[in-house]
Visitor: 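First the structure, then my questions, so here it is.
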2 protein chains.
Amino acid sequence: MSSAAPRSAGRDHLWSVEEHLEDILTTVRPLDPIELQLLDAQGCVLVEDVTVPVSLPPFDNSSMDGYAVRVADVAGASEEFPAVLTVVGDVAAGRAGLLQVGPGQAARIMTGAPLPPGAEAVVPVEWTDGGLGGGPVSGMRARSASPEGATGEVRVHRPAPPRAHVRAKGSDVRAGDRVLEAGTVLGPPQIGLLAAIGRGTVRVRPRPRVVVLSTGSELVPPGEPLAEGQIHDSNSFALTAAARDAGAIAYRVGAVADDAETLRATIEDQLVRADLMVTSGGVSVGAYDVVKEALSHAADAEEDGGGVEFRKLAMQPGKPQGFGTVGPDHTPLLALPGNPVSSYVSFELFVRPAIRALMGLQDLHRPTARAVLRCDKALTSPAGRRQFLRGRYADGAVTPVGGASSHLVAALAHANALIVVGEDTESLEPDADVEVVLLG
Amino acid sequence: MSSAAPRSAGRDHLWSVEEHLEDILTTVRPLDPIELQLLDAQGCVLVEDVTVPVSLPPFDNSSMDGYAVRVADVAGASEEFPAVLTVVGDVAAGRAGLLQVGPGQAARIMTGAPLPPGAEAVVPVEWTDGGLGGGPVSGMRARSASPEGATGEVRVHRPAPPRAHVRAKGSDVRAGDRVLEAGTVLGPPQIGLLAAIGRGTVRVRPRPRVVVLSTGSELVPPGEPLAEGQIHDSNSFALTAAARDAGAIAYRVGAVADDAETLRATIEDQLVRADLMVTSGGVSVGAYDVVKEALSHAADAEEDGGGVEFRKLAMQPGKPQGFGTVGPDHTPLLALPGNPVSSYVSFELFVRPAIRALMGLQDLHRPTARAVLRCDKALTSPAGRRQFLRGRYADGAVTPVGGASSHLVAALAHANALIVVGEDTESLEPDADVEVVLLG
């Protein structure tokens, strides 16, 4: 495991949020790219520059439903003195034909259909009598109901300059043009463009597979009754949902009891489907902190420097954290604290950027904003620790919800932002200018 | 089909964007709710008010790893004159025991474990010698390695007031509290909260199933070679991706040829898995406009007023549009124009709000903003039509990308906003103040 952070400071070093994050982002590498079907690549990052194999549109075609004509034939045409042309047939989209438009002739043509040889412009059907011998029409009759529309005569009421209503070959993109650059995130319009230029598959970094497991002998799945001293497992649900929200394919493993052997076996078992492992709980200073116990041991057993390091961060909530790599592939593992609010805040600060780094995204972080703090009395914050309070942000102002206590999961569900209180700030007055992380 | 829009104006009525949208949103109703597993409900809208069955936390518990003590026993304690207490055992999370803390006694307690009877406060392990007989310690040794830690004596170096480091039963939420209201969108923190209060399933509106099909005999799937006059099908890919992005479960049906019988049969076939159908192409005034032909016919055949109406909108791109209902369940169907940019803009304006209305969301529309138009020369726009130009928005300014032509799919892939040019505006000077729709 590489590290840019000051390990030398020893076990009692209080890591800053930046140091911990830098250690994670130095270790986590973007996943190897794979070739995916277009729709499977949605939301993924392109790893190739995409160039156009064939110009788009690939041929001159009509931008209107109308008649393909020779310009000289319709010069000076008006409703009073229409140009009368012989209709030689239909040119429908997708039906490349042998139709040729000679002097005095017109081909009935549909939007997107190739301009037939001899024709120089298209007059919209609304500028003609539609072959009916009357005044201007608003459209054509369906070919299936009125096959005679493709024959007979048409009266054209207006002239058309050369290339009128013709989309030129290559007017959208030309063969050889680079239309998408490596690093582009593939949203719907990019997927549409790739399809349009004929790409059925595309080379991207896949979504990371994230295995989420919570630890704690007190945890019972929701929906099952609680015995004395038990609580429901919520972290594995919140973290799995958050990992999906960040772009990952997430697998929720049920809560693991506080037994080091069981935890080690579970992690080993899950490694096969993990690009990243996330645990919650068992990282503090207690006698039953199983993640610390199990993974500190695993670190000793490995030869090549892998392993998980447990540390204290200068933040609240989220002081105890673990990070490192496990297993033969050095799969990154983030060990989050077990309090629901601590684990969620830790996810936002550390796991989300790690997932996005695995995806190859450049933009790893949630947007931040400045806001006016709305509260009745001053907020206090511990010196030397960066505090992340839950808040409700709207229109440039943020109101704290719930208290600083790390178990207020109900308040968290009503927050849409984290209020950042710096290490050096011990008190924030009402109307103070604060930084907020927008949870989106 | 109900309609608030002015149908009486007849076939030649030019519908405004608002009239068409209102017709759609008056017809589309939120889907019936179903009970889903928590993680399957992510992104869905809750239809019930959720109240708390059991207070959270369900019992007084420790917020630290440390020792559960009686307040009188540690009064006046200091490092020089520690309180010496007999350790009666461990209280680990999830292990409800028979431990009782009497005078002169302490129980070693872990974060989250229930406060044992007799104890009144918790002292963190860092305020003690950890039972080792030396100075203050930074944590406990793992129980598995040092079982003797649960016995012997502990020296406590500081006093603790009543309830210190104790999380009170019900301090997060109380039984009977309403913690989530109907209408809440379930993100990770809400899913975490539901799990925490024991809810394994939840009643929500499901994601709508959207069937996307493109029409056109000229269309060939990407990855396959083009014959003369053919182009690649891109709309079904872009629209499927866009429907997923809007929150739907989307099914892409391959392009259907311009044959009314085939199209009718395909739609009938797909109805079983559709809450909404979206087609592209075949809605204009040509003789091969198959969607118009097939669905106008279907409308005549139905008894109860269902059917699809084709209309012209006062907008560019996207003038021809169809909307109505099909099949025995009156499944809503939006028929979009076939030009890739037209269909994508139409999706953003009409299909996305329809999908979000089916989900029961209140917030149907993309955010908009005001921006300064950055361009070298004035932009022109047709009178009487609302134009949606593609633009790149950043920091309060927007720059048009590509031209007004509706086939510039490459430019669309580099846009992140639509520039709205009102019906009454025929020209926009550089630095004009414009409305933009942020495509997110």
Visitor: Looking only at heavy atoms, what is the nearest atom pair of B:Gly229 and A:Pro114, with distance?
Guide: CA-CG, 4.0 Å
Visitor: Less than 4.5 Å apart, side chain to side chain, heavy atoms only: is that true for A:Arg244 and B:Leu39?
Guide: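 Heavy-atom side-chain distance check passes, below 4.5 Å.
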Visitor: Pick one of side chain, backbone, both or neither for A:Ile197, based on which atoms fall under 4.5 Å of a heavy atom in chain B.
Guide: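 Backbone only.
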Visitor: So which atom in B:Phe59 and which in A:Gln230 form the shortest heavy-atom distance, rounded to 0.1 Å?
Guide: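 Answer, listing the atom of B:Phe59 first, then A:Gln230: CE2-O, 3.4 Å.
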Visitor: Sort out for me which of B:His232, B:Gln190, B:Arg252 touches chain A most, counting heavy-atom pairs under 4.5 Å.
Guide: B:His232
Visitor: Roughly how far apart are B:Tyr288 OH and A:Arg143 CZ, rounded to 0.5 Å?
Guide: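 Going from OH on B:Tyr288 over to CZ on A:Arg143, the span is 4.0 Å.
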Visitor: Are B:Pro58 and A:Ile231 side-chain neighbours, meaning at least one heavy-atom pair lies under 4.5 Å?
Guide: yes
Visitor: What heavy-atom pair brings A:Ala287 and B:Arg141 nearest, and what distance separates the two atoms?
Guide: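 For A:Ala287 and B:Arg141, the tightest heavy-atom pair comes out as CB-O, 3.4 Å.
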Visitor: Find the one option among A:Gly149, A:Gly216, A:Ser144 whose heavy-atom pairs under 4.5 Å with chain B are most numerous.
Guide: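 With the most close heavy-atom pairs to chain B, the winner is A:Ser144.
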Visitor: Would you say B:Leu180 and A:His414 make side-chain contact, with heavy atoms under 4.5 Å?
Guide: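 The answer is yes, as the side chains (C-beta and beyond) meet within the 4.5 Å cut-off.
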Visitor: Is there side-chain contact between B:Arg167 and A:Asn339, with heavy atoms separated by less than 4.5 Å?
Guide: yes
Visitor: Using a cut-off of under 4.5 Å for heavy-atom pairs, which of B:Met140, B:Met64, B:Arg199 has the most such pairs with chain A?
Guide: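 The candidate making the most pairs under 4.5 Å is B:Met140.
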Visitor: Quick one: what part of A:Asp289 sits under 4.5 Å from any heavy atom of chain B, side chain, backbone, both or neither?
Guide: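 For A:Asp289, the contact with chain B is made by the side chain alone.
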Visitor: Do A:Leu194 and B:Phe237 have side chains that approach each other closer than 4.5 Å (heavy atoms only, starting at C-beta)?
Guide: no
Visitor: Can you confirm whether A:Leu412 sits close enough to B:Leu193 that some side-chain heavy atom of one is under 4.5 Å from a side-chain heavy atom of the other?
Guide: no
Visitor: Which residue out of B:Gly130, B:Gly223, B:Gly187, B:Gly112 racks up the most heavy-atom pairs below 4.5 Å with chain A?
Guide: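 The residue among B:Gly130, B:Gly223, B:Gly187, B:Gly112 with the greatest pair count is B:Gly223.
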Visitor: Pick from A:Ala93, A:Pro53, A:Gly338: which one has the most heavy-atom pairs with chain B under 4.5 Å?
Guide: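 Between A:Ala93, A:Pro53, A:Gly338, the count favours A:Ala93.
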Visitor: With a 4.5 Å cut-off on heavy-atom pairs, point out which of B:Thr111, B:Val179, B:Asp177 contacts chain A the most.
Guide: B:Val179
Visitor: So which atom in A:Gly192 and which in B:Ala238 form the shortest heavy-atom distance, rounded to 0.1 Å?
Guide: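 In this case the closest contact between A:Gly192 and B:Ala238 is CA-CB, 3.8 Å.
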Visitor: Do you know the tightest heavy-atom contact between B:Ser234 and A:Ala195?
Guide: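 Looking at all heavy atoms of both residues, the shortest contact is CA-CB, 3.7 Å.
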Visitor: Can you say whether B:Leu38 sits under 4.5 Å from chain A via the side chain, the backbone, both, or neither, judging by heavy atoms?
Guide: side chain
Visitor: Atom CD in B:Gln42, atom CG in A:Asp245: separation rounded to 0.5 Å?
Guide: 6.0 Å
Visitor: Looking at B:Ile191 and A:Ala241, what are the two nearest heavy atoms and their distance?
Guide: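 Of all heavy-atom pairs spanning B:Ile191 and A:Ala241, the closest is CD1-CB, 4.0 Å.
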Visitor: Looking at A:Gly139, A:Ala196, A:Ser284, which one has more heavy-atom pairs under 4.5 Å with chain B than the rest?
Guide: A:Ala196
Visitor: Tell me if a side-chain donor or acceptor on B:Glu293 pairs with a main-chain N or O of A:Ala142 at a distance below 3.5 Å.
Guide: no
Visitor: Out of A:Ser217, A:Pro225, A:Pro189, return the one with the most heavy atom pairs under 4.5 angstrom to chain B.
Guide: A:Pro189
